[in-house]
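Written below as structure tokens is the structure these notes are about.
Predicted, not measured: the structure shown is a model, and the values here were computed from it. Sequence lines set the chain letters: A, B, ... in the order given, protein chains first and strands last, and positions in each chain run from 1.
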Protein chains: 2
Amino acid sequence: MPDTEFAGRFLGVLGGMGPMASAVFMVRLTALTNADSDQHHVPTILWSDPRIPDRPAGHAGTGADPFPWMLNGVRHMERAGAGAIAIPCNTAHLWYEQLAASTSLKVLHIVRSVIDDLRRSGITRGRIGLLGTATTLSSGLYQRELEACGYDSMLLEADELLRYCAEAIRLVKLNQAEAALDPAAHCVQLLRQRGADAVILGCTELPLALPPLARPAQGVAVVDSIDALALAALEWHHGS
Amino acid sequence: MPDTEFAGRFLGVLGGMGPMASAVFMVRLTALTNADSDQHHVPTILWSDPRIPDRPAGHAGTGADPFPWMLNGVRHMERAGAGAIAIPCNTAHLWYEQLAASTSLKVLHIVRSVIDDLRRSGITRGRIGLLGTATTLSSGLYQRELEACGYDSMLLEADELLRYCAEAIRLVKLNQAEAALDPAAHCVQLLRQRGADAVILGCTELPLALPPLARPAQGVAVVDSIDALALAALEWHHGS
């Protein structure tokens, strides 16, 4: 019979931002789990609500506020028995403090997960190139955490971000991940040429544009915010 | 603000059987959706509970009964506001009648979804080769539905199923999908050589072993039970 005492060990995933990013998060969570049978994987509730209003527009005040929708998802997952929340959307972390203050559940932080992953890869200092939505980058979400941990951060120019990075994100959201490879790789190359020691794919659409097999050819360490968050979730699961 | 009247239009996915199959179901559901923004995708709650006991062992009476665990997932999704349930596991459909009788929600049927997909592909008669777990195949789950719809079904020999089909499923569950390609493709080839007009990947691990890109080279129509169920879910979403 179902073990009700186990309920609090379900991982809750606040997803749908976008829906492909959260679906791929589930794939990567499973692939990164060291398991020899179904029964050793992480019990997970994915609340995939693609109706959550656009985060950049909400942050700019030009679109609906996504926060009540995110909180609605968290409440559903609380009732379903989640013990911690992962949010596979970087821009959504602009509401992290507000969300974490609204629930007693542990909320994993995607930026801190990425920094843990940088360290896990042996990169403990240096210049870290950042890719993400214009909203994530202009908010300083990554820069503050990186600088607090002794890294320097570097960005592309605004016109380059719009032309290549935003374009790659847009194509993934249109289910055209293959077409997104070139603009995403171009961003990584620009950052590499300008001296980045690693590049963070700081939008959960970007790992879909530049999948794991395309990364070794980039000539620079690439840190994937989906994988980093999945690894943080696995750490929570094993520690809980 | 979240539209509570929309709650019943969430798709509920009873997953974790296995966890990779339900994660890939989420990816395929998203990829098969014709959407030009996040907000046009299907709101979905995935209950991924890999603790659900092994279905073949449960059916044979040699392992714990998975039914109470499946029902537990359905109850959680009912409370969270799901309007229909999809179960991306073929063998779990041995408990379909029992589960459908236990909930007022519509429960999509993976075998009927596969037959709809055969027809969608223009295959309205002929000999249909079946791959799946020994439990699914010996139960007649597919054979009964196919014969009721005017198809003939054909199977591999028991030793071939064990050596190639069960092996491909086992490797996917070990996160070794690449190694699963050869045994899965061998099954399809044996069925093709013996006159199959189409082959059904009637276990949700098999589409991971033989991914879409590997199918055109098989020389026979391959019907994917994950995609078929995702298409049925999209039909429900658009009709509801």
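- Looking at Asn175(B), its side chain does come within 3.5 Å of a backbone N or O of Thr30(A) through a donor-acceptor pair.
- Atom CZ of Arg163(B) has 12 or fewer heavy atoms from other residues, nucleotides or ligands within 6.0 Å.
- Annotation for Arg120(B): atom CZ counts as buried by contact number, over 12 foreign heavy atoms lying within 6.0 Å.
- Although no hydrogens or angles enter the test, the distance criterion places a donor-acceptor pair under 3.5 Å between the side chain of His76(A) and the main chain of Ala80(B).
- The parts of Ala31(B) that come within reach of chain A are both its backbone and its side chain, each placing non-hydrogen atoms under 4.5 angstrom from that chain.
- Under a 3.5 Å cut-off, the side chain of Gln39(A) and the backbone N or O of Ile52(B) do form a donor-acceptor pair.
- Between Leu46(B) and Thr44(A), the closest side-chain pair of non-hydrogen atoms is not below 4.5 Å.
- The most heavy-atom pairs under 4.5 Å with chain A, out of Ala177(B), Pro19(B), Gly16(B), Ser37(B), come from Pro19(B).
- Atom CD of Gln176(A) sits in a crowded spot, with more than 12 heavy atoms from other residues, nucleotides or ligands closer than 6.0 Å.
- In this structure, chain B has a heavy atom under 4.5 Å from the backbone of Met17(A), while its side chain stays farther away.
- A heavy-atom distance below 4.5 Å is found between the side chains of Phe10(B) and Asp49(A).
- The 12-atom threshold is exceeded at CG of Asp159(A), counting heavy atoms of other residues, nucleotides or ligands nearer than 6.0 Å.
- Close approach to chain A, defined as a heavy atom under 4.5 Å from one of its heavy atoms, is seen in no residue of residues 89-100 of chain B.
- Inter-residue side-chain proximity for Ser22(A) and Met26(B) is flagged as unmet; no heavy-atom pair is nearer than 4.5 Å.
- Contact annotation for Thr33(A): only backbone heavy atoms (N, CA, C, O) come within less than 4.5 Å of a heavy atom of chain B.
- For the side chain to side chain donor-acceptor pair (under 3.5 Å) test, residues two or more places apart in sequence or in another chain that qualify with Asp36(B) are His40(B).
- Only the backbone of Pro53(A) comes within contact range of chain B, judged by heavy atoms closer than 4.5 Å.
- Heavy-atom distances place no part of Val13(A) under 4.5 Å from chain B, backbone and side chain included.
- No side-chain heavy atom of Ser48(B) sits less than 4.5 Å from a side-chain heavy atom of Pro43(A).
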